[in-house]
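Okay, structure first, notes after.
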Amino acid sequence: MARARRLAAVTDNTQQSPASGPNSTPELPTQYAPAEVEGQLYESWVARGYFEADAKSPKDPFTVVIPPPNVTGSLHLGHAFEHTLIDAVTRRKRMQGFETLWQPGMDHAGIATQNVVERELAKEGKSRHDLGREAFVERVWQWKAESGGQISGQMRRLGDGVAWSRERFTMDEGLSQAVQTIFKRLYDDELIYRAERIINWCPRCLTAISDIEVEYQDDDGELVSIRYGEGDDSIVVATTRAETMLGDTAVAVHPEDERYRHLVGTEIELPLTGRRIPIVADEHVDPEFGTGAVKVTPAHDPNDFEIGQRHDLPSITVLDEHAVITAHGPFLGQDRLEARSAIVAALRAEGRIVAEKRPYTHSVGHCSRCKTTIEPRLSMQWWVKTGPLAKAAGDAVRDGQVKIHPEEMSKRYFDWVDNLHDWCISRQLWWGHRIPVWYGPDGEMVCVGPDEEPPSGEGWHQETDVLDTWFSSGLWPFSTLGWPERTESVERFYPNSILVTGYDILFFWVVRMMMFGIYAMDGTPPFHTVVLHGMVRDQFGKKMSKSFGNAVNPLDWMDAYGSDAVRFTLARGANPGVDVPIGEDWVQGSRNFANKIWNATRFALMNGATVEGELPPAERLSAADRWILSRLNSVVAEVDAYYEDYQFAKLSDALFHFAWDEVFDWYVELSKTTFAKGGAGAEASRRVLGEVLDTTLRLLHPVMPFVTEKLWTALTGRESVVIAEWPTDSGFRDQAAEQEIGTVQQLVTEVRRFRSDQGLQPGQKVPARLDLAGTALPPHEDAIRSLLRLQPAGDGFTATAALPVVGATVELDLSGAIDVAAERKRLTKDLTAAEKEVAQTSAKLTNEAFLAKAPDHVVEKIRTRKAAAESDIERISAQLAALPQG
RNA sequence: GGGCGCAUAGCUCAGCGGUAGAGCGCUGCUCUUACAAAGCAGAUGUCGGCGGUUCAAAUCCGUCUGUGCCCACCA
């Protein structure tokens, strides 16, 4: 209450010098309340169309697509992070006058979404088969409607400046056309084919998945050694997957292996089956491993499949799609794990287990969606022949058409594209783009383009498989613009300017976009620059996960501290390509920063800061004014350079320190004296303060859009900072002023230190005499006295302390005796440090080798250091001498 | 098995050849007319170990230890 009354009084005092413009009597509370500010602002930006992009605009385009979030749920902190970076970049570009398109949308996320909806159904005790394909897909669309709404609500909350009117979904009519078009084209170019191969099969999802959807983990298995054959002709194989032996069609040994050479070409009996299988020689076998003999199961192991191909072996499938044994006999109908122990038991009964099973840790593939152990399975699937596409995708980066930030990441990119296997694109799912191929009654196969009628008639039916979800997201940079139509948007906004995404989907997504973009768009890669960011982690650098309990819902933090605070924290942690730890304390810190900006702007408004009119010429400005303008322009240049290099942490930090340490802690404090004096000096400072805040708010806007909008419009009375011009460096620099203010800061800090050490309360007024002769400080005497709470030296003034500093002397009259011991201790410590510095620098400056080889500026620097240390010694000695005895 | 990276203040991280930095945390004093979500002052590091290059090394090279990630058809 008391504070509120005091504030009212202050506001009254400033009535005598009102600011011009519509905001001269601002109604800003003393604390920034994000919740009251953020909500309304976003919808007004949307309503005014700031985020929409016009393909007909004469401005240069700047395009970036959203990495489409899966419709499986809600956004997490990682999305908030990614969106903050993209939003910051696009907001700056918009302010710089580009026709800016941030393309929004979502991904249907085939297998992931199907799984989520199947789980929903399971709660009702149903499976998708109870509904049938059509009804199930309908059900997924319903889910999409709900989940998608939630996601767009979160994006609004974050402040994402996306072109909502252009929002797309990978299962849209238009995007589905794009999918069909590219499929048909690839098919006709023989870059898509159908073939029976060993694929990664998930026995729970009941679909094939691609190599990168398999996650390998070390699992504890058991290696058992089994004797095949009888007597001298027997051979012992080692395996972790005994159940697949029912499908063995050979035993392989290394061609050079002396132990088994005599057996190659012979046949032995496969236990439990009565079948006879050949022993073949194959380079793939490692004679050092196990017994040096491998059982070969072409239908259930990728390596064995290849051995089978080389030796023309049959493939016998013994596991069905659920990974249940199909081979007739005692094991029929058993699950793979059940069968494994049953078969080992049966073999033991026959005395064929020669070495007891031993623990063996090996890498086993799991479905990235449901964690079920992958079953390699021979099956008929659709493939993209990646060779030529991947070559082009690699070359585009190699020849510099596409740049990857940070550059070290391009190594990983090359490792990947240069070793790419063909891509299995068919999925045995219901949710997704159905493959546009029709089969005829006589085994015909017709690929149907988007403008063609599918064949009809007796016996024709469409392929039931759908496409891998990454097939459609690979088209995202141009399908969202209306391709395959040659729309104005395609012409204008392709290629995209940049892509911002996590390094974790470099292979999944970026490589696919590169391949498809170059292929579909006549050799033009989809973007010029790829900016890869890290993963959000908790405050200890641990991975965030629901099961570990350290996952954070970004909305909770946005509710508590505001979106700006969350965004600023994330941006401030965003060093290129590395993971970003974030903790609630840090978000609080950012909220404090927002509040600080809020209050500094309140101060400016209460004191009539203005942005109207030309900036006064340098001759009419005080040293403080020139200093802060000089610094401001340096910071503009610095922040701009950081933006061009996607150094979000650096630019945020630079702004944080400039605003808080320089503008708020010094310039604003100095200006209090100026404003109190009034006159032309105050008039000029009001304009300068307005300028500095105006520019600082613009610079901060891309990262902290809400609070800057509220304050900037209050300060300037203009429409919106969203469409304000991005600041440019005017080139104004004033070394002399920077130095002069630096001296003021040094003096003030030194005297404050003394006051603090002497146990003086911060507010306590102290009579003092200032001798500033011979320095540039006289114009700052009032400010110095005010900052240090120094009163004029009255009649009974007796100096009890004399502080020589920066060539000036400050004499203080402390009513009681000063703590001489404390001060002496302090000064002695400083003196020792200074003497050490002199010793070190002197040693360098007398070192012949150093003088001969070090560059001039380094030598000069050392000289300066030595001189500074020497003058410190002089100063401190004088202070020590001036201390009263006792 | 390959490849990449990291070890700097209590915590999380910048710096990457010329006096050790930031945020948070910590200590002390304060409601000093924008802000206690604040102000002022302060403490804190043989920059993982060992060698080497250099006038000069947290920074470059080698090596050891610890640690993280990615890739791989280890039966």
Side-chain angles (χ1 to χ4, degrees), chain A residues 2-3 6-7 9-10 13 28 30-32 198 216 223 237-241 252 284-286 289-291 293-297 301-306 360 362-363 376 408-409 411-412 415-416 419 503-504 506-507 537-541 561 569 572-573 575 577-583 585-586 588-607 649-650 653 656-657 664-665 668-669 672 676 749 752-757 759-765 786-787 789 837 840-841 844 847-855 857-859 861-862 865 868-869:
Chain A
R3 213 183 314 144
R6 211 165 56 214
L7 177 66
V10 169
N13 286 344
L28 301 179
T30 59
Q31 270 197 358
Y32 173 49
I198 290 268
Y216 287 88
L223 198 59
V237 299
T239 182
T240 54
R241 299 211 55 198
H284 171 263
V285 180
D286 174 7
F289 187 92
T291 58
V294 189
K295 62 191 270 308
V296 180
T297 325
D301 183 280
N303 294 315
D304 294 4
F305 181 74
E306 285 182 16
Y360 177 66
H362 61 144
S363 184
E408 303 88 78
M409 287 283 181
K411 278 185 220 150
R412 280 199 196 185
D415 281 352
W416 184 257
N419 298 298
Y503 62 71
D504 59 329
L506 181 63
F507 308 141
R537 291 170 173 269
D538 77 4
Q539 60 194 309
F540 303 110
Y561 308 109
T569 309
R572 204 167 174 203
N575 285 302
V578 301
D579 291 346
V580 187
I582 182 170
D585 289 354
W586 310 352
Q588 261 173 37
S590 299
R591 184 273 314 266
N592 296 355
F593 179 49
N595 188 54
K596 189 75 183 176
I597 302 167
W598 178 268
N599 275 294
T601 308
R602 280 180 66 235
F603 170 84
L605 290 168
M606 285 190 255
N607 288 283
K650 299 254 162 49
D653 204 54
F656 177 87
H657 285 290
F664 304 156
D665 284 350
V668 163
E669 291 305 319
K672 286 177 181 172
T749 303
R752 276 177 178 162
R753 196 229 84 211
F754 177 78
R755 289 185 52 124
S756 175
D757 283 355
L760 292 180
Q761 299 197 333
Q764 190 178 329
K765 303 267 202 304
S786 156
L787 290 170
R789 317 279 149 193
E837 178 76 358
Q840 278 175 359
T841 47
K844 280 219 153 178
N847 182 332
E848 296 294 333
F850 171 73
L851 292 173
K853 298 203 178 177
H857 72 272
V858 173
V859 176
K861 214 167 169 178
I862 302 288
R865 273 172 50 197

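Below, read A as the first sequence line, B as the second, and so on, with proteins coming before strands; counting in each chain starts at 1.
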### Summary
For A:Ala649 and A:Arg572 the tightest heavy-atom approach is CB-O, 3.2 Å
### Rounded distance (Å) that lies between atom C1' of B:G18 and atom NE2 of A:His857
7 Å
### Query
Does A:Asn592 place a side-chain N or O at less than 4.0 Å from the phosphate oxygens OP1/OP2 of B:A38?
yes
### Message
Under 4.0 Å, counting only non-hydrogen atoms across every strand here, what does A:Arg572 touch: a base, just sugar-phosphate, or nothing?
### Response
sugar-phosphate
### Nearest-neighbour nucleotide for the A:His657 side chain, B:A22, B:G39, B:A75 considered
B:A22
### Query
Does A:Gln31 get its side chain close enough to the base of B:A37, under 3.5 Å, for a donor-acceptor pair?
yes
## Note on the structure
To the nearest angstrom, the CD-C1' distance between A:Glu837 and B:A20 comes to 13 Å
### Message
Only pairs with both distances under 3.5 Å count, Watson-Crick or wobble alike; so what is the partner of B:G62 in this structure?
### Response
B:C50
### Query
What's the spacing between A:Leu28 CG and A:Met606 CE if we round to 0.5 Å?
8.5 Å
### Query
With sugar-phosphate meaning primed atoms plus P, OP1 and OP2, does A:His284 contact a base, only sugar-phosphate, or nothing at under 4.0 Å between heavy atoms?
base
### Query
If you measure from the C1' atom in B:A58 to the same atom in B:U54, how many Å do you get, rounded?
16 Å
### Task
For A:Arg753, report the nucleic acid contact type (base, sugar-phosphate, nothing); a contact means any heavy atom under 4.0 Å.
sugar-phosphate
### Query
How is A:Arg865 classified with respect to the nucleic acid when contacts are heavy atoms under 4.0 Å: base, sugar-phosphate, or nothing?
base
### Task
Write down the distance separating the C1' atoms in B:C4 and B:A9, rounded off to the nearest Å.
29 Å
### Nucleotide nearest A:Phe656 (side chain, heavy atoms from C-beta), chosen from B:A41, B:G23, B:C40
B:G23
### Task
For nucleotides B:A41 and B:G66, find the distance between their P atoms and express it as a whole number of Å.
45 Å
### Message
What is the separation between atom CD on A:Glu408 and atom P on B:C69, rounded to the nearest whole Å?
### Response
19 Å
### Summary
The nucleotide from B:C70, B:A41, B:U32 with an atom nearest the side chain of A:Ser756 is B:A41
### Task
Would you indicate, yes or no, if B:U12 has its OP1 or OP2 atom less than 4.0 angstrom from a side-chain nitrogen or oxygen of A:Gln539?
no
#### Entry: Under 3.5 Å: donor-acceptor pair, side chain of A:Asn599, backbone of A:Thr30
yes
### Message
What's A:Val285 touching, base or sugar-phosphate or nothing? Going by heavy atoms closer than 4.0 Å.
### Response
base
### Query
Touch check for A:Lys650, heavy atoms < 4.0 angstrom, all strands: base, sugar-phosphate only, or nothing?
sugar-phosphate
### Query
Which part of the nucleic acid, if any, lies within contact of A:Thr841, taking any heavy atom under 4.0 Å across all strands shown: a base, the sugar-phosphate backbone alone, or nothing?
nothing
### Message
Using a 4.0 Å heavy-atom cut-off, does A:Phe305 contact any base of the nucleic acid, only the sugar-phosphate backbone, or nothing at all?
### Response
nothing
Give every pair of a protein N or O atom and an N or O atom of nucleotides 54-56 of chain B that lie under 3.5 Å apart, one pair per line with the distance.
residue, atom, partner, partner atom, Å
B:C55, OP1, A:Lys853, NZ, 2.2
B:C55, O2', A:Asn847, ND2, 3.3

### Task
Over 60° means perpendicular and under 30° means parallel, so classify the ring planes of A:Phe507 and A:Trp416, tilted if in between.
parallel
#### Entry: side chain to side chain contact (heavy atoms under 4.5 Å, CB included) between A:Asn847 and A:Leu851, worked out
CA-CA 6 Å; A:Asn847 182 332; A:Leu851 292 173; 5.9 Å; no
### Message
Work out how far the P atom of B:U53 is from that of B:C61, and round it to whole angstrom.
### Response
15 Å
### Task
Go through the side-chain N and O atoms of A:Asn595 and A:Tyr561 and say whether any donor and acceptor fall under 3.5 Å apart.
no
### Query
When you measure from the side chain of A:Pro762, which nucleotide among B:A34, B:C69, B:C29 comes out closest?
B:C29
### Task
Searching all strands shown, indicate the nucleotide that pairs with B:C26 (Watson-Crick or G-U wobble; both distances under 3.5 Å).
B:G42
### A:Lys765 NZ to B:U32 P, straight-line distance once rounded to whole Å
9 Å
### Task
Have a look at A:Val578 and say if it touches a base, only the backbone sugar-phosphate, or nothing, with a 4.0 Å heavy-atom cut-off.
sugar-phosphate
### Query
In terms of the nearest nucleotide of RNA chain B, which residue is placed more toward the 5' end: A:Lys861 or A:Phe593?
A:Lys861
### Query
Distance between the P atoms of B:G2 and B:U8, in whole angstroms?
27 Å
### Query
Do A:Lys411 side-chain and B:C4 base share a donor-acceptor contact under 3.5 Å?
no
### Message
Taking B:A22 as the reference, what is the distance to B:G17 when you measure between their C1' atoms (whole Å, please)?
### Response
22 Å
### Query
A:Ala600 has a side chain; which of B:C24, B:A14, B:A34 sits nearest to it?
B:A34
#### Entry: Presence of A:Lys672 side-chain N/O under 4.0 Å of B:U32 phosphate oxygens OP1/OP2
no
### Task
Measure from CG on A:Asn607 to C1' on B:U33 and round the result to the nearest Å.
10 Å
### Message
Using a 3.5 Å distance criterion without hydrogens, assess whether the side chain of A:Arg537 forms a donor-acceptor pair with backbone atoms of A:Asp579.
### Response
no
### Task
Could you check whether A:Pro581 gets within reach of a base, just the sugar-phosphate, or nothing at all, counting any heavy atom under 4.0 Å?
sugar-phosphate
### Query
Mapping A:Asp538 and A:Asp585 to their closest nucleotides on RNA chain B, which lands nearer the 5' end?
A:Asp538
### Task
Output yes when A:Lys411 and A:Asp415 qualify as a salt bridge under the 4.0 Å nitrogen-oxygen rule, no when they do not.
no
### Message
Does A:Asp301 reach a base, just sugar-phosphate, or nothing at all? Heavy atoms under 4.0 Å.
### Response
nothing
### Query
Does A:Ser756 use its side chain to pair, donor to acceptor, with the backbone of A:Arg752 at less than 3.5 Å?
no
### Query
Out of B:A72, B:U12, B:A75, which nucleotide sits closest to the side chain of A:Trp416?
B:A72
### Message
Need one value for A:Ala293: base, sugar-phosphate or nothing, where a base atom within 4.0 Å counts as base even if backbone is also close, heavy atoms only.
### Response
base
### Message
Let me confirm one number: the CZ-CD1 distance from A:Phe664 to A:Ile597, rounded to the nearest 0.5 Å.
### Response
5.5 Å
### Message
Taking 4.0 Å as the cut-off, does a side-chain nitrogen or oxygen of A:Arg591 come that near to OP1 or OP2 on B:A37?
### Response
no
### Task
Check for a donor-acceptor pair, side chain of A:Arg241 on one end and backbone N or O of A:Asp301 on the other, with a separation under 3.5 Å.
no
#### Entry: Sugar-phosphate only, base, or nothing, as touched by A:Tyr32 at under 4.0 Å among non-hydrogen atoms
base
### Query
What nucleic acid atoms does A:Asn575 come within less than 4.0 Å of, heavy atoms only: base, sugar-phosphate, or nothing?
sugar-phosphate
### Message
Under 3.5 Å for both donor-acceptor distances, Watson-Crick or wobble: does B:C4 have a partner, and if so which one?
### Response
B:G68
### Message
Within the 4.5 Å heavy-atom criterion, are A:Gln761 and A:Arg755 side-chain neighbours or not?
### Response
no
### Query
Between B:C50 and B:U59, how far is it from one P atom to the other, in whole Å?
12 Å
### Rounded C1' spacing from B:G10 to B:G45 in Å
11 Å
